[in-house]
Every structure is written in structure tokens, then in C-alpha cells.
S.K.: 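Let me begin by handing over the structure; questions about it come next.
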Amino acid sequence: MDEKHYLSPLFEPRSVAIIGATERDNALGAILVRNMLGAGFKGALHAVNPKYDSVQGVPCFAHIGDVPGKVDLAVIATPAGSVPGLIDECGRAGVKVAAVLSAGFGESGTLGAQLEEDTVHIARQYGMRVLGPNSLGVARPLLGLNATFAGSQPIAGSIGFVSQSGALCAAVLDYARPNQVGFSNVISLGVSAELDFGEILDYLVWDFRTEAILVYIEGIRDARRFLSAIRAAARAKPVMVLKVGRHPVGSRAAQAHTGAVTGDDAVFDAALRRSGVIRLNTLTQLFSGLKGLFVHFRPRGNRLAIITNGGGPGVMAADRAGDLGIELARLAPDTIAHLEELLPSHSRVDNPIDLIGDSSPERYASALQTLLQDEHVDGVLCLLSPLAMSQPSEVARRVVELAKGSDKPILTCWLGDDACLEAREIFRQARIPSLRTPESAVDLFSHISSYYRNQQLLTQVPAPLEYEKAPLRELARSMIESALKAHRTVLRRHEAIALLAAFHIPVTELRVVHSPAEGIEAAMHFGFPVDIKPDAALAGTRLQHLAGRHNLASTVALHLAYEELTSQLKQQLPAELAAGMCIEPSWQSPYTRELMLRVWRDPVFGPVIGIGERSLDPNYWPDRAVGLPPLNAFLVRDLLHSTHAERMLGALDGMPAADLDALEHTLLRVSDIICEMPWIRSLEINPLCVDDRGLQVADARIEIGELPRSAGRYDHMAIHPYPSNLIYPWQLKDGALITIRPIKPEDAEMNQAFVRKLSPETKYFRFMSALRELSPSLLAKLTQIDYDRELAFIATHITEGSEIQIGVCRYTTNPDGFSCEFAIVVDDTYQHSGLGRKLMEVLVTTAWQRGLQTMKGEFLANNERMLRFVERIGFVLRNDPEDKTIKHGTLDLAKANQAA
């Protein structure tokens with residue numbers, strides 16, 4: 001990986017110029033110079049203002065172009081109207097990054113939006129990056145960089161803090177300093193006109209000094225980049241997100257502040273769950289989270305033990321644990337017996353453990369030590385009320401000593417103030433979280449333990465899916481294109497059912513008829529009872545009285561229903577009469593559960609899938625679980641688990657359990673439809689009937705729309721789905737047929753078997769170590785990839801009905817954004833078969849088509865076979881200047897593709 005990130009000039013500038021620096025007290029330019037000097041910036045600091053020769057002792061120049069040497073970072077603190085011209089001057093002077101702290105841009109109206117557009121346009125002409133406008137600035141305490149106008153100097157630490165709100169940023173810094181919370185980087189995005197969350201998070205992932213990340217969000221501009229970056233971050237480091245705008249009034253306020261779209265909060269919550277991060281809801285939780293991140297708090301589970309010297313605080317903590325789904329640890333019999341011997345007879349031994357008000361430091365320490373030794377306890381919350389005999393400071397010292405010898409997390413909450421000041425300082429020095437209230441302490445345990453639970457979800461390897469027939473994509477596409485050609489944006493009912501059937505979703509069998517006689521003929525074919533529904537493309541929400549008639553048991557009932565529906569259509573939708581009616585057999589099962597499945601477009605994250613118990617009122621859907629496609633089997637089960645409907649799907653009194661496999665299959669296929677049919681704007685299956693024998697779609701409505709001409713295959717998706725368009729059949733020299741395709745999470749077991757089978761020499765040359773097999777975390781990293789920023793192709797063939805992996809190659813985009821690192825390994829049996837060259841051909845072509853310019857590799861100098869192989873492809877090799885056992889190779893992707 002490259003030594004320098006392309007955003008290093010922003011976070012690690014060697015020279016900084018403050019444009020608008022001034023001697024005027026409390027002016028923005030004066031505060032910036034003062035903060036930079038106070039932080040002890042280790043690089044070159046310049047001031048720019050034609051009115052001064054120096055500002056606070058810093059040399060001052062009339063224009064940015066007059067500053068000697070190259071300027072990495074220009075900080076602009078002048079009125080909004082002057083910014084576009086100053087950006088042009090910076091570009092001509094070779095400035096790499098500009099941080100615009102001025103307000104009055106897109107958040108302020110039409111004129112400000114034009115200034116913002118001009119600023120970004122000019123910067124891009126020079127290849128310059130822009131932070132802000134309306135930003136508080138950027139700080140990297142380790143370098144003495146404090147290009148902010150915050151009132152407090154941040155101290156060095158390991159937390160990367162990204163915020164859309166400058167005011168919140170300043171508040172956090174003011175809180176952090178007296179609490180000894182340190183930061184690796186502090187970034188205020190402002191309105192994110194050019195630099196947004198995605199690229200900033202990419203840098204924090206790359207930055208080894210950042211060990212945890214805290215993010216404050218009001219709205220997202222680029223959902224794909226944001227999710228890609230935050231998922232990558234969560235795989236590497238703890239990430240906490242405080243997202244505001246959970247309710248409509250808050251959303252409007254957030255949008256007015258930053259100009260970013262907030263979208264549906266339930267969808268945002270689903271996106272964060274999918275990303276493996278912790279979501280915070282209040283500023284109090286953020287401050288508590290800062291303490292947890294700073295002390296590297298690492299719970300192993302969510303079984304909490306509570307120890308207290310007063311019953312009230314213990315009950316408060318237990319109540320909050322119940323609210324959050326935190327399990328109170330069930331103590332082992334030996335633990336209970338030991339506590340009964342230790343404590344007075346009237347003490348409470350059940351969890352929470354009440355030590356009684358006269359508890360001594362010795363009793364407190366003995367009880368805590370007993371709990372820490374219990375295998376059923378994952379963490380302990382220590383509560384103390386400052387009674388006359390409590391000795392808060394001495395108890396704190398005993399807790400600190402016990403914490404040194406335990407690998408379990410300990411949280412503390414010493415209630416009160418004056419009597420507990422010394423104890424809190426003892427905990428701060430020992431890096432043990434100390435909270436003010438029992439509820440906030442439990443919140444902290446919940447939030448940080450949820451990170452590790454989410455990490456387990458993120459790294460789960462779903463079981464392989466059963467082989468299924470490929471969907472009839474071209475048939476589905478032709479139906480959509482025919483409807484659009486006829487200027488229809490809603491599919492007729494039989495078209496919607498046929499599209500679902502093309503993706504092998506169980507649907508009702510139907511016939512479209514245009515007269516009562518045809519209807520009766522169709523009913524005789526199916527057998528009574530039957531349903532009749534209009535085939536019309538109903539705009540908006542389907543009206544109940546046009547939704548059809550059900551369980552018609554005779555020709556007379558069918559004839560009357562046909563005439564009634566025809567009459568209503570003639571009055572309300574006469575243009576749809578020609579579409580006819582749909583006749584279908586009634587779904588009959590005594591064990592039916594009716595669900596509703598919907599797909600809609602969120603303004604931020606695009607397609608969203610919702611499922612839950614059926615609601616007759618389409619505008620009121622209290623039971624819904626929301627997920628972002630693409631889904632796999634594991635994610636589907638997690639989605640169903642989030643609904644109240646899950647309970648009614650199980651075995652009930654007199655009813656067998658519903659067929660969950662059929663429901664899972666349908667959700668997976670709906671996910672496929674959304675990924676592969678970008679024309680779909682909304683889809684509703686209502687009702688979705690499921691019983692113990694299977695599932696059937698009883699009714700469906702699909703809304704469609706034209707695509708932009710420049711739209712890519714998956715541009716409508718916030719999370720890049722499996723790129724099925726990159727599957728290639730190929731033939732080895734001996735005639736054997738193989739498949740080259742992108743890797744999937746479900747390939748984990750096959751990938752592990754492939755690595756185990758490699759010879760020790762091949763393993764050593766690939767991994768530069770003598771590993772025997774892949775660790776679970778490495779296996780998840782290699783198979784659960786983000787197709788937007790990396791790609792791995794595997795070569796497989798079918799042997800005795802099973803798919804076997806025989807080769808793999810991959811690339812990962814570097815932080816510079818235009819180069820990538822590659823790796824390749826082929827099964828020993830298939831070397832010299834041409835497979836390696838074919839894999840590289842596919843990899844190189846794909847990387848070039850995705851806009852990358854160079855491919856890089858690192859090889860052992862004694863791996864002569866690999867060195868000859870990459871040289872034939874076109875790699876230019878050079879020796880590592882510090883390690884003679886390593887060679888580096890670089891391939892120009894444009895030249896390589898021209899040669900191919």
C-alpha cells in the first residue's frame with residue numbers, strides 16, 4: 001500500500017496558510033492563527049492578508065501566490081462572496097487542499113448555492129480538494145495542527161471524530177480536554193460541498209493512529225460511497241454514529257443546516273445495522289461513548305453483573321438493562337454460595353447484588369472479585385452511593401487494583417459530586433469508565449458491546465445457498481420495456497405476476513379474460529372457488545373496492561362479480577376497461593398467515609425492502625422490518641427476526657409452523673429483482689400468503705420508470721450487489737470447462753479448502769508466511785468483500801456434482817484512488833495450464849474498466865516463477881530499497897489493455 005494517502009495534505013500538511021488572518025480580537029482569522037500557534041504546529045505557518053506584514057508574529061503575505069514554497073493546506077476565513085476568487089488564486093498557486101470555514105453557501109439559499117457551485121467547479125479545474133464550506137476546520141493534535149476556531153485545544157489520542165456540525169464539534173472538544181479524551185483527527189465537514197463522509201472515513205481507516213471512529217451525521221449526499229467507507233471502517237475499527245433527524249421536524253432542521261437529504265430514519269437505521277456500527281441517539285450517549293472509546297473498552301458479551309451499596313441505583317440500572325435488551329448475568333452456584341458467605345444475611349445475592357449501605361471497601365472488593373471470576377459474567381457495573389460509611393475513594397482504589405488483574409470490563413458509577421471527585425479522578429487515571437448515572441453506565445455497556453455483537457454479524461459466513469434456476473432476466477426486461485414504450489409506469493396485474501414468476505417466486509396461476517363467458521371458462525379450468533381482479537394498471541394506492549372479489553363458488557357469483565367490477569371501472573377508470581379481468585384459483589389453507597412485502601426508493605439509500613404483518617391500510621404499517629438489498633440468507637433471517645410477524649410464523653395452538661424456507665427464498669428473489677431490474681420504482685406484494693406447505697403471491701403491484709442514459713448497472717443501489725455480469729465460462733488447455741466469477745461470502749468453506757490443499761511452497765509465496773489455513777477473520781475478509789472498492793475472481797470447476805475452487809486473484813484499491821494492489825494464486829495441480837494468465841487478464845481488464853490506472857504487487861525475490869509470470873504480463877519490477885528479499889512490480893493498466 002502506498003505510504004501517503006491522497007488526503008495527507010489535509011491531515012498531515014507540511015505548510016499551512018491562513019487566508020484572512022488578522023490582528024482584530026475575536027475575528028475568525030485571529031482565532032485561527034492563535035489556535036495554530038497554541039497547538040505548536042510543526043510545519044510552516046503563513047498568514048495571508050494584504051493589510052499586514054505579520055499577524056501575531058507570523059509572516060503575512062498579500063496573496064497566496066506570494067507565499068514561498070508550496071502550500072499543502074489553505075484555510076479560508078473570509079466572507080462567502082470572496083471565496084470563489086480565492087479558490088482560483090489557491091489553484092494557480094498549487095495549493096492541494098482548501099478548508100473553507102466561511103458560512104453563507106448552499107445552506108443559505110439560491111445565491112449561496114451558486115457560490116458553492118462556483119467554488120467546487122473552480123477547485124476541480126485545478127485538481128484541488130475542498131473541505132466545507134461552513135466548516136469548523138480540521139485538527140491533528142499529534143502534529144500540532146489546530147486549523148479550527150474551537151475554543152479548546154484538542155489533545156492527542158486515538159479517536160477520529162467526524163462531524164457535520166461545527167457547534168457540536170466545538171462542544172465535544174470542550175468536553176474532551178478536561179476528561180482527558182484524545183483525538184487522532186478532528187474533522188468538521190460543514191456542508192460537504194466537495195469532500196464528504198466517504199473519503200474522510202477512508203482516510204481514517206488507512207490512518208494507523210486512528211483506533212476508533214466517532215461520527216455525527218445530519219444527512220448523506222453520496223450513499224454508495226458512505227456505506228462502502230463505513231462498512232470498511234467497521235471491519236477494522238470500532239465506529240460509533242450519532243445520527244440526528246430521527247423525526248420529521250428534526251429532519252427538516254438538519255436539511256436546512258447542511259443541505260443534505262436525511263431520508264427515512266428507519267432506513268438509515270437499517271443501513272447502520274448492515275454496516276456493523278453502533279448507533280447513538282443522544283449527546284449524553286456520545287460523551288459516554290467517548291469515554292469508552294478512549295479507554296479501549298472491550299466487552300466480550302452482553303451478560304452484565306451489577307454491584308451496588310444501595311437498592312435504588314441497582315434497580316435503576318436493571319430497568320435500563322431491560323429497556324436495552326441487556327441480559328443480567330445468571331450467577332453460577334459457586335458464585336452465589338461465595339457471596340452468601342461473604343455478605344450479611346440480609347444482603348441481596350441475586351443480580352443486582354446489594355452490598356447494603358454499611359458495606360466496607362473490603363466487602364466491596366471481595367464481592368467484585370467473586371463476580372469477575374464467574375464465567376457467566378461478561379462485565380460488571382459498580383455503583384456506589386456516597387453514604388457516611390462508604391469511603392468512595394478507597395473503594396475506587398480497590399476497584400482499580402482488581403481491574404488490573406481481570407480481562408473483563410468494569411464500569412463505574414459513583415453517584416453524587418463532592419464526595420466522589422477524588423474517586424472519579426482515580427478512575428480517570430486508571431482509564432476505567434466513570435459515569436454519573438446508572439442509566440448512562442448501562443447505555444455505555446450496551447453501545448460498545450453492541451459493536452462487538454455487530455462485528456460478529458458482519459463477519460458471519462452464511463451457509464451456501466441451494467442451487468436454483470437462473471432468473472429469466474431478459475423476459476422480465478422485455479415486459480418492462482414494452483410497458484414503458486406504451487407510456488405506462490405501472491405494470492398490469494398479469495405483467496407484475498409474470499415478472500415475479502420470471503424470478504421463480506411462487507405466484508398464483510391466472511388467466512386474463514375479457515368477458516363473463518371467458519371468465520366462466522377459466523373458472524371451470526381452475527375449479528371453483530376462484531378470485532376475480534382487474535388487470536388494470538392502477539395508479540397510486542389500489543382502492544379497496546377495485547381490489548377484486550374472492551372465493552367465488554359458482555358461475556352466478558362470478559358473473560355478478562365481473563359485471564360489478566366492470567361497472568366500477570367504467571365509472572372511475574374507463575381507459576382500463578380494455579385490460580380485462582384476471583381469473584385465478586382462490587388460495588385455500590386453514591393455516592395461512594398473511595404478510596405484506598414492499599419495495600420503495602429512499603431518497604438517500606435507494607431501494608429498500610420492508611416486510612411485516614399485513615396491514616389493510618397502506619399508509620399505516622406498524623409491523624415492518626426494513627433492510628437494504630442485496631440480501632443473503634443470513635440477512636433475511638435477521639430481517640424476519642426484527643418483525644412482530646416472526647412470532648405468528650412459528651407453531652401456534654393447532655397450527656403448524658409456516659414454511660420459513662419458502663419465505664426466505666422469496667425475499668432472496670425479491671432482492672435479486674431489485675438488483676437486476678433498476679427500472680422498478682416500487683413493488684408491493686399484498687397479501688403474501690404463507691402456510692406450512694409453502695408460499696404464494698396473491699397480489700402484486702409494480703411501478704416502473706425510465707433510466708438515465710448514463711446509468712450503470714448498479715447505480716441505483718447503495719450497496720454494490722454481487723456482480724453477476726462478471727461471470728465467465730472458460731476452457732483449460734486440456735479441454736476442461738471452468739467458471740471464472742467474483743467471489744461470494746458463501747464461498748468461504750470452499751476457499752478454506754482451496755488454501756488447505758495448496759503446497760507449503762505455494763502458501764509461502766502467496767501469504768509470505770507458513771500458515772496452514774485461513775483464520776476466521778481473514779477468511780471473512782477475503783470472502784465478504786465490498787465489490788465497489790475491491791474484487792476477487794475465483795476459478796471453479798464441477799467435480800462429482802460439487803463446485804471446487806482451483807484459483808483466485810484479487811485487487812484492492814489503494815488510498816490514492818487510482819492504483820490497486822493485486823494478488824494471485826493457482827492450485828498446484830493447475831499451474832502451467834494457462835489459468836493464471838486468464839485470471840490476470842480478467843482482473844486487469846476489470847480494474848481498468850473501473851477507472852484504475854496502475855496495478856501494483858509485492859513479490860518475494862526468490863519466487864522466480866512469479867517474477868517471470870508478471871514480467872510477461874507487463875509489470876515493471878524494482879528492488880525494495882530496504883528489504884532485499886522483496887521486489888515491487890507496477891503495471892500500467894491502459895497499456896496492458898491496449899496490448900490485450
S.K.: Is the cationic atom of R424 (NZ for Lys, CZ for Arg) positioned less than 6.0 Å from the six-membered ring centroid of W414 and within 45 degrees of its normal?
M.R.: no
S.K.: Please step through side chain to side chain contact (heavy atoms under 4.5 Å, CB included) for the pair H376 and R303, ending with a clear verdict.
M.R.: CA-CA 7 Å; H376 299 91; R303 297 173 300 178; 4.3 Å; yes
S.K.: Flag the pair D378 and K408 as a salt bridge only when some basic side-chain nitrogen lies within less than 4.0 angstrom of an acidic carboxylate oxygen.
M.R.: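 No, no charged N to carboxylate O under 4.0 Å.
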S.K.: Counting only heavy atoms not in Y175 (residues, nucleotides, ligands), do more than 12 fall under 6.0 Å from its OH?
M.R.: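 For Y175, atom OH is crowded (more than 12 foreign heavy atoms under 6.0 Å).
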S.K.: What verdict does the side-chain hydrogen bond (donor to acceptor under 3.5 Å, both in side chains) test give for T643 and D623, after you've listed the backbone C-alpha separation in whole Å, the side-chain angles of each residue and the deciding distance to 0.1 Å?
M.R.: CA-CA 6 Å; T643 67; D623 177 35; 4.8 Å; no
S.K.: Judged by modelled atom types alone, do N185 and D207 share a side-chain donor-acceptor pair under 3.5 Å?
M.R.: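 Their side chains do contain a donor-acceptor pair, which is all the 3.5 Å distance test asks for.
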S.K.: Just how far is it from atom CG of L280 to atom CG of D443, taken to the nearest 0.5 Å?
M.R.: 9.5 Å
S.K.: Calculate, to the nearest 0.5 Å, the distance between atoms CZ and OG belonging to R320 and S446 respectively.
M.R.: 7.5 Å
S.K.: The test is side chain to side chain contact (heavy atoms under 4.5 Å, CB included); show your working for V239 and I230 and say whether it passes.
M.R.: CA-CA 8 Å; V239 181; I230 205 163; 4.2 Å; yes
S.K.: Determine, for E664 against R637, whether the closest basic-nitrogen to carboxylate-oxygen distance falls under 4.0 angstrom.
M.R.: yes
S.K.: Assess whether a salt bridge exists between D269 and K243, defined as any Lys/Arg side-chain N lying under 4.0 Å from an Asp/Glu carboxylate O.
M.R.: no
S.K.: Under 4.0 Å between a Lys/Arg side-chain N and an Asp/Glu carboxylate O for E422 and R397?
M.R.: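 Yes, E422 and R397 are salt-bridged.
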S.K.: Distance from N309 atom CG to Q391 atom CD, nearest 0.5 Å?
M.R.: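 Nearest 0.5 Å value for the CG-CD distance: 11.5 Å.
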S.K.: If you count every heavy atom of other residues, nucleotides or ligands that lies below 6.0 Å from E375 atom CD, does the total exceed 12?
M.R.: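 Count not over threshold, so no.
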S.K.: Does the pair R614/E594 count as a salt bridge with the N-to-O cut at 4.0 Å?
M.R.: yes
S.K.: Closer than 3.5 angstrom, by distance alone: can the side chain of Q164 be matched with the main-chain N or O of L189 as a donor-acceptor pair?
M.R.: no
S.K.: So I217 and L242, side chain to side chain contact (heavy atoms under 4.5 Å, CB included) or not? Walk me through it.
M.R.: CA-CA 6 Å; I217 299 174; L242 174 58; over 6 Å; no
S.K.: If only atom types and distance count, is the side chain of D602 paired as donor or acceptor with the main-chain N or O of D264 below 3.5 Å?
M.R.: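 It does hold such a pair.
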S.K.: Is the shortest side-chain N to carboxylate O distance from R231 to D786 below 4.0 Å?
M.R.: no
S.K.: Rounded to the nearest 0.5 Å, what's the gap from SG on C382 to CD1 on I307? Could you check?
M.R.: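 One finds 5.5 Å between SG of C382 and CD1 of I307.
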S.K.: Salt bridge or not for E613 and R593, using N-O below 4.0 Å?
M.R.: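 No, no charged N to carboxylate O under 4.0 Å.
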S.K.: Report the C-alpha distance between V138 and S188 in whole Å, list the side-chain angles of each, state the deciding distance to 0.1 Å, and finish with yes or no for side chain to side chain contact (heavy atoms under 4.5 Å, CB included).
M.R.: CA-CA 6 Å; V138 60; S188 168; over 6 Å; no
S.K.: In Å and rounded to the nearest 0.5 Å, what is the CZ to CG distance from R274 to L272?
M.R.: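 These two atoms lie 12.5 Å from each other.
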S.K.: Quick one: does any side-chain atom of N351 pair with a main-chain N or O of R330 as donor and acceptor, under 3.5 Å?
M.R.: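 No; judged by distance alone, with no hydrogens or angles, the pair does not exist.
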